[in-house]
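Structure record follows, encoded as structure tokens.
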Amino acid sequence: MSIETRDPRSDDRRRIVEVGREAVTIRRAVAGVSMTIRLSCRAYRGVALRIGALECGRFHYEVKLTHSDPDLSIVLGAGDDLAAMEAQWLEWVDCLGLPALAGRSEASEARVNVPRVALACRTPHPRRRGAALTSRRPRLRKRRANGRRLKTDVVDDDPIILSPGWEDR
């Protein structure tokens, strides 16, 4: 799907965004140089449904593909009808497989469990590695000093004693 949005830093004050299942491509021209930025969908934090300003007694809703860099965030849809924006939000969450976010601003966005897509976009729990176990159990390198040879005591270097039956031959 191709979307044309405003971009204040672009030469012609617009950018073209192509959103696909695997990647998002942003095309714009800055200082006479045309550029294309391609990001994996996994680089985005999620699809957010935001409640915007109150205009003429009605709230303004916005569906946004959010990124940690605000310049790379993309508005996917906007409107005054909550039911239509919620349906569009759920379609984008289902299509991209990203977490569903909701909130009033970027700082207050929280993950939301959406019944039909919650399992597909849930993030796994962090695994216990490194710091959690090192305080309890030393690693192999800590237990043994590498590079040292063990001292071996020579019992006797007489070949007659070490090799029984040698003198009979």
Side-chain angles (χ1 to χ4, degrees), residues 1-137 139-141:
M1 176 178 186
S2 184
I3 303 168
E4 187 172 322
T5 60
R6 289 186 318 116
D7 188 0
R9 288 194 261 166
S10 176
D11 289 346
D12 53 357
R13 303 282 186 244
R14 68 181 181 96
R15 65 178 169 178
I16 299 169
V17 180
E18 295 173 7
V19 181
R21 287 186 185 268
E22 301 296 323
V24 175
T25 306
I26 302 170
R27 299 180 201 290
R28 67 181 187 171
V30 178
V33 177
S34 63
M35 63 175 67
T36 301
I37 302 168
R38 183 180 166 102
L39 295 168
S40 170
C41 285
R42 298 288 169 208
Y44 286 88
R45 289 181 26 218
V47 181
L49 176 64
R50 288 195 184 161
I51 301 171
L54 185 64
E55 297 172 1
C56 300
R58 297 189 69 171
F59 283 107
H60 184 73
Y61 301 99
E62 186 177 73
V63 177
K64 192 169 192 175
L65 187 58
T66 58
H67 192 273
S68 57
D69 181 5
D71 286 339
L72 297 176
S73 294
I74 301 161
V75 176
L76 300 171
D80 295 333
D81 185 17
L82 175 61
M85 288 294 104
E86 188 176 0
Q88 187 178 14
W89 173 57
L90 292 174
E91 285 178 21
W92 280 111
V93 168
D94 193 29
C95 175
L96 299 175
L98 292 174
L101 305 173
R104 288 188 59 86
S105 66
E106 197 166 322
S108 67
E109 286 176 352
R111 287 186 184 222
V112 178
N113 285 332
V114 179
R116 61 181 188 181
V117 292
L119 292 176
C121 61
R122 189 171 36 183
T123 56
H125 291 287
R127 303 293 183 234
R128 293 179 66 186
R129 296 192 192 273
L133 298 176
T134 55
S135 62
R136 294 186 309 189
R137 183 173 56 197
R139 297 278 185 234
L140 183 63
R141 288 183 302 222

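Bear in mind the structure is a predicted one, so any value in this text is a computation, not a measurement.
Side-chain contact between Ser2 and Ile16: present, with at least one pair of heavy atoms (C-beta onward) separated by less than 4.5 Å. Contact check for Val47 versus Lys64: no side-chain heavy atoms found under the 4.5 Å cut-off. Within the 4.5 Å cutoff, the side chain of Val93 has no heavy atoms near those of the Leu98 side chain. Counting only heavy atoms from C-beta outward, the side chains of Ile37 and Thr25 never approach each other to under 4.5 Å. By the 4.5 Å heavy-atom criterion applied to side chains, Ser10 and Asp12 are counted as neighbours.
The two residues Ala23 and Cys41 make their nearest non-hydrogen contact at N-SG, 3.7 Å. Val75 and Thr5 make their closest contact through O-CG2, 4.4 Å (heavy atoms, listed as atom of the first residue, atom of the second, distance). Of all the heavy atoms in Ala48 and Thr66, the pair that sits closest is CB-CG2, 3.8 Å.
Applying the salt bridge (Lys or Arg N to Asp or Glu O under 4.0 Å) test to Arg38 and every residue at least two apart in sequence or in another chain returns nothing. Looking at residues two or more places apart in sequence or on another chain, you find a ring pair (Phe, Tyr, Trp, His ring centres under 6.0 Å) between Tyr44 and His67. With sequence neighbours left out, the side chain to side chain contact (heavy atoms under 4.5 Å, CB included) criterion links Asp11 to Ala29.
Atoms CE and SG, on Met1 and Cys95 in that order, are 10.0 Å from each other to the nearest 0.5 Å. To the nearest 0.5 angstrom, Leu82 atom CG is 10.0 Å from Trp89 atom CH2. Atom-to-atom distance recorded for Met85:CE and Leu76:CG is 10.0 Å, nearest 0.5 angstrom. Note that the CG atom of Leu39 and the CD1 atom of Ile74 stand 8.0 Å from one another [nearest 0.5 Å].
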Hey, can you pull the donor-acceptor pairs under 3.5 Å for the side chains in residues 56-63, sequence neighbours left out?
{"residue": "Arg58", "atom": "NH2", "partner": "Asp80", "partner atom": "O", "Å": "3.4"}
{"residue": "His60", "atom": "ND1", "partner": "Asp80", "partner atom": "OD1", "Å": "3.3"}

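The salt bridge (Lys or Arg N to Asp or Glu O under 4.0 Å) analysis of residues 16-33, with sequence neighbours excluded, yields the pairs Asp7-Arg28, Glu18-Arg27. Residue pairs meeting the ring-ring contact (aromatic ring centres under 6.0 Å, His included) criterion with at least one member in residues 3-33, sequence neighbours excluded, do not occur.
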Could you go through the side-chain contact (heavy atoms from CB on, under 4.5 Å) check for Leu96 and Val19 one step at a time?
-> CA-CA 9 Å; Leu96 299 175; Val19 181; 4.1 Å; yes
